[in-house]
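Below: the structure, in structure tokens.
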Amino acid sequence: MSTFHSTRSSDEAFTSKQAIRKGIADDGGLFVTDALGETKIDISDLAGKSYQQIALTVLSVLLDDYTEEELSQCIAEAYGSQWSDERITPVKPLGNDFIMELFNGPTCAFKDVALQILPRLMARTTPADGDCDEKIMIVTATSGDTGKAALAGFADAQGTGITVFYPQGKVSRVQELQMTTQQGSNVNVCAVDGNFDDAQSTVKRIFGDRDLASRLEADAHVRLSSANSINVGRLVPQVVYYFSAYAQLLEQQVINVGDQVDFVVPTGNFGNVLAGYYAKLLGLPVRQLVVASDRNNVLFDFLTTGTYNSKRPFFETTSPSMDILVSSNLERMLYYMSERDPRMITYLMNDLAEWGTYEVPPEMLMEIRKVFATGWADEDQVREMIADCWDRNHYVIDPHTACGYFVMQQMPADPQVPRVLLSTASPYKFPRVVNEALGLKADGTDFECMDELHAKSGTPIPQMLRNLENAEVRFRDCVEVSDMGHYVEECADRL
Ligand SMILES: *Cc1c(COP(=O)(O)O)cnc(C)c1O
């Protein structure tokens, strides 16, 4: 059986179920497995397989302490009729390139791919200490997309509850309504009088509060956990769509078995693109993974210089889900690229914690650059690309996808190697920016912007977004930052 250990130490071994339940290692490292790459996935029979069949093959290799029946159940529940396309992540032509839509899930964002299945995987774990009544309370702070996708995934999930905090007045109207209208008996949504950083750092403090933890355990049998993208249970399901893309290109007779493919990946926390690296290690013929950033281009600088420097100004852009200065999942890539050296990762991460910066050796950077190419787009370029993609292809992209589109346009195309751009959000989640870029009417409410975009582009509006205008608001709480811990405790008592 493959076991997991921290990127910063290989002393203690965990099953994948334990790793998923814990989320993060006690030393602050992320869970990795040294078995990654030992078993290759057979790509010769991918064509014709459904997304669910591919998911079972991939998840069986990486989460091998789940039974086949458990995985099949999780997959059937997570990738069912709540998706608006039966291929789950359909690949479509885009000029001479291809685009893979990751946003056909229930909240119209790429996070659904992972957050639809994580709760199901978590429900099939059991507490380490044998307290079978123990429940898990997911606590998360969100700047927009993650909160809704996590709520949708965990709503009414067995043995769990979820509490989401968002900064009052700092998320879009659509995003706020997506959260405050969430159904489910185990969900809690609360605005915070502060900005995202205040909410985020307070959630981290709540996780570190041992008194609170023991009170919750004793009084309510509740353990706090995070749905952050560092969880193995979020990362591994994302490996599946890379294999699915390959299967679809085989079916469309764009490639033959064994041909190489490039992927262009809008990235923030490095989770989306790291999954592609896992796919490559599992035998998928990936030539290059192109890391696309927005104006917060810390990854571009790292991949071109070898120095990661988080001490820099933070920009609020039109692609908020990529506005990140510390890309947590990069630590896993560094682990594999350092020839799996936990001591080196410990040094690097200590430097990051102490100085806000670290530097990798030149040989390591060379190895990294064999796999990862990179680029970034500023705000003007994002708007230009939304218009350019519409003019050339009659396809509307959102601002996150536009960062990737720009970077793809900058790269020389190789007719021998197809390129797949990963599209991470429906343009209808960001209708105002998209309308501005396309020269459409962009005043009025978000819903008027959606209607205008629909009328002028002829593309369907996801009903889930359009219906928000008249949906019942269930949550109106707003707390001071200092009261967030207390709020979590109340929610835990009700669980
Ligand atoms: C989360 C997100 C991304 C970035 O994904 P990472 O896993 O952080 O790399 C890109 N686009 C959208 C719309 C997202 O929600």
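Both ligands and their constituent atoms are indexed starting at 1 by order of listing.
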Is there a donor-acceptor contact under 3.5 Å linking the side chains of [X] and [Y]?
{"X": "S319", "Y": "T317", "answer": "yes"}
{"X": "T267", "Y": "N272", "answer": "no"}
{"X": "R8", "Y": "N350", "answer": "no"}

Report task. Of the side chain and backbone of F270, name the one, both, or neither that has a heavy atom under 4.0 Å from an atom of ligand 1. Result -> backbone
Query raised in the report: Which bit of D145 is near ligand 1, meaning a heavy atom under 4.0 Å away: side chain, backbone, both or neither?
Result: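 Contact part for D145 vs ligand 1: side chain (C-beta onward).
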Give the atoms of ligand 1, by number and element, whose distance to some non-hydrogen atom of [X] is under 4.0 Å.
{"X": "G271", "result": "6 (P), 7 (O), 9 (O)"}
{"X": "M322", "result": "10 (C)"}
{"X": "S321", "result": "2 (C), 12 (C), 14 (C), 15 (O)"}
{"X": "K111", "result": "1 (C), 2 (C), 3 (C), 14 (C), 15 (O)"}
{"X": "A425", "result": "13 (C)"}

Any nitrogen or oxygen of [X], main chain or side chain, under 3.5 Å from a nitrogen or oxygen of ligand 1?
{"X": "N269", "answer": "yes"}
{"X": "Q238", "answer": "no"}
{"X": "N272", "answer": "yes"}

Query raised in the report: Any idea which protein heavy atom is nearest atom 5 (O) of ligand 1, and the distance to it?
Result: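 It is F110 CE2, 3.3 Å.
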Query - atom 11 (N) of ligand 1 [closest protein heavy-atom partner, distance rounded to 0.1 Å] - result: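 Ranked first by proximity to atom 11 (N) of ligand 1 is T424 OG1, 2.8 Å.
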Report task. Flag the pair Y428 / H454 as yes when their ring centroid distance falls below 6.0 Å, and as no otherwise. Result -> no
Query raised in the report: So, do F372 and Y277 have ring centers that fall under 6.0 Å from each other?
Result: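 Yes.
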Requested in this report: Inspect the surroundings of CG in D391 and state if more than 12 heavy atoms from other residues, nucleotides or ligands are less than 6.0 Å away.
Outcome: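 Enclosed: over 12 neighbouring heavy atoms sit under 6.0 Å from CG of D391.
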Query raised in the report: Is E339 atom CD crowded by more than 12 heavy atoms from other residues, nucleotides or ligands, each under 6.0 Å away?
Result: no
Query raised in the report: Of C108, G268, G404, which has the heavy atom at the shortest distance from atom 9 (O) of ligand 1?
Result: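 Shortest heavy-atom distance from atom 9 (O) of ligand 1: G268.
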Query raised in the report: What's the shortest heavy-atom distance between F314 and D323, and which atoms?
Result: CE1-O, 3.3 Å
Report task. Only one of N309, T307, L334 passes side-chain contact (heavy atoms from CB on, under 4.5 Å) with Y358; say which it is. Result -> L334
